[in-house]
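Down below is the structure, laid out as structure tokens.
Not measured: the values here are computed from a predicted model.
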Amino acid sequence: AVQRAVPGAKLIEAGPDYVGLTDVADLVGVTRQNMRKLMAAHLDFPCPVHEGSSQVWHLESVLKWLAGRDGSYRIDRRLLEVAHIAMQCNLAKEAVRLEPTHRSRIRALVTA
């Protein structure tokens, strides 16, 4: 629909996908401090996509992790579905840029 309305439009980023802890806290209905405590206390908390002065996660990864907890968090299935589709779009967009000669080497690194 976007390309019909704006011919030549290019996907820059699909969202919601890349989020900080504050974004996740707002979506789930907890405080940022609560999310920070969860991240610090659990070794199985999803790895960020980017670490630095600001950390960023794929929203789907964090929502799935929260949903898998002891039932304390009610995650809206529609939000999870939209986050899944947005992440898949962003991953596909970036994968197109990957040089074929590096695909198998990188796959070996990330699946090990």
Side-chain angles (χ1 to χ4, degrees):
V2 171
Q3 286 187 324
R4 281 194 305 269
V6 184
K10 301 274 186 211
L11 175 67
I12 294 172
E13 179 182 314
D17 183 20
Y18 303 113
V19 293
L21 290 180
T22 302
D23 302 315
V24 177
D26 289 345
L27 289 168
V28 176
V30 299
T31 65
R32 182 188 187 290
Q33 291 77 12
N34 182 258
M35 286 303 305
R36 188 119 181 89
K37 285 179 186 176
L38 284 169
M39 181 193 74
H42 297 279
L43 295 175
D44 64 336
F45 192 84
C47 293
V49 175
H50 172 75
E51 264 191 277
S53 59
S54 296
Q55 292 179 312
V56 179
W57 288 262
H58 285 293
L59 177 59
E60 181 194 26
S61 300
V62 179
L63 292 178
K64 279 186 169 181
W65 184 85
L66 287 168
R69 305 298 308 152
D70 57 10
S72 303
Y73 300 93
R74 290 268 176 235
I75 306 301
D76 185 327
R77 299 294 304 158
R78 294 169 296 179
L79 175 60
L80 191 55
E81 183 179 339
V82 169
H84 173 76
I85 292 167
M87 184 174 89
Q88 294 303 303
C89 288
N90 290 328
L91 291 172
K93 179 184 156 288
E94 290 302 313
V96 168
R97 297 174 43 189
L98 187 60
E99 294 178 13
T101 57
H102 298 298
R103 282 187 186 139
S104 63
R105 289 185 207 156
I106 292 171
R107 185 174 289 133
L109 285 173
V110 298
T111 58

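- Note on Leu80: it does not cluster hydrophobically with Tyr18, by side-chain heavy-atom contacts below 4.5 Å among ILVMFWY residues.
- Side-chain heavy atoms closer than 4.5 Å link hydrophobic residues (I, L, V, M, F, W, Y) into clusters, and following such links, even through other members, never connects Val56 to Leu21.
- Contact record, Arg103 with Ala95: NH2-O, 4.1 Å, taken as the closest heavy-atom pair.
- Residues Leu63 and Asp76 form no side-chain contact, since every pair of their non-hydrogen atoms from C-beta on lies 4.5 Å or further apart.
- Note that the CZ atom of Arg36 and the CE atom of Met39 stand 4.0 Å from one another [nearest 0.5 Å].
- With sequence neighbours excluded, no residue forms a side-chain contact (heavy atoms from CB on, under 4.5 Å) with Lys37.
- Taking the six-membered ring where tryptophan is involved, the planes of Trp65 and Phe45 are perpendicular, since the angle between them exceeds 60° and thus also 30°.
- The side chain to side chain contact (heavy atoms under 4.5 Å, CB included) with Ile75 is formed by just one residue from the set Val62, Leu27, Leu66; it is Leu66.
- Between Glu94 and Arg97 there is a salt bridge, since at least one side-chain N of the basic residue sits less than 4.0 Å from a carboxylate O of the acidic one.
- No continuous path of hydrophobic side-chain contacts links Val49 to Val19 [ILVMFWY only; heavy atoms under 4.5 Å].
- Rounded to the nearest 0.5 Å, atoms CE (Met35) and CG (Asp23) are 10.5 Å apart.
- Taking Pro16 as the reference, Leu59, Leu79, Val82 meet the side-chain contact (heavy atoms from CB on, under 4.5 Å) condition, with sequence neighbours excluded.
- Annotation: Gln88, atom CD; neighbour count of heavy atoms from other residues, nucleotides and ligands within 6.0 Å is above 12.
- Heavy atoms only, all atoms of each residue included: Ala14 and Ala86 are closest at CB-O, 3.8 Å.
- Between the side chain of Asn90 and the main chain of Met87, no donor-acceptor pair closer than 3.5 Å is present.
- For the atom pair SG of Cys47 and CD of Gln55, the computed distance is 10.0 Å after rounding to the nearest 0.5 Å.
- Here ring pair (Phe, Tyr, Trp, His ring centres under 6.0 Å) pairs that include residues 79-106, with residues two or more places apart or in two chains, number zero.
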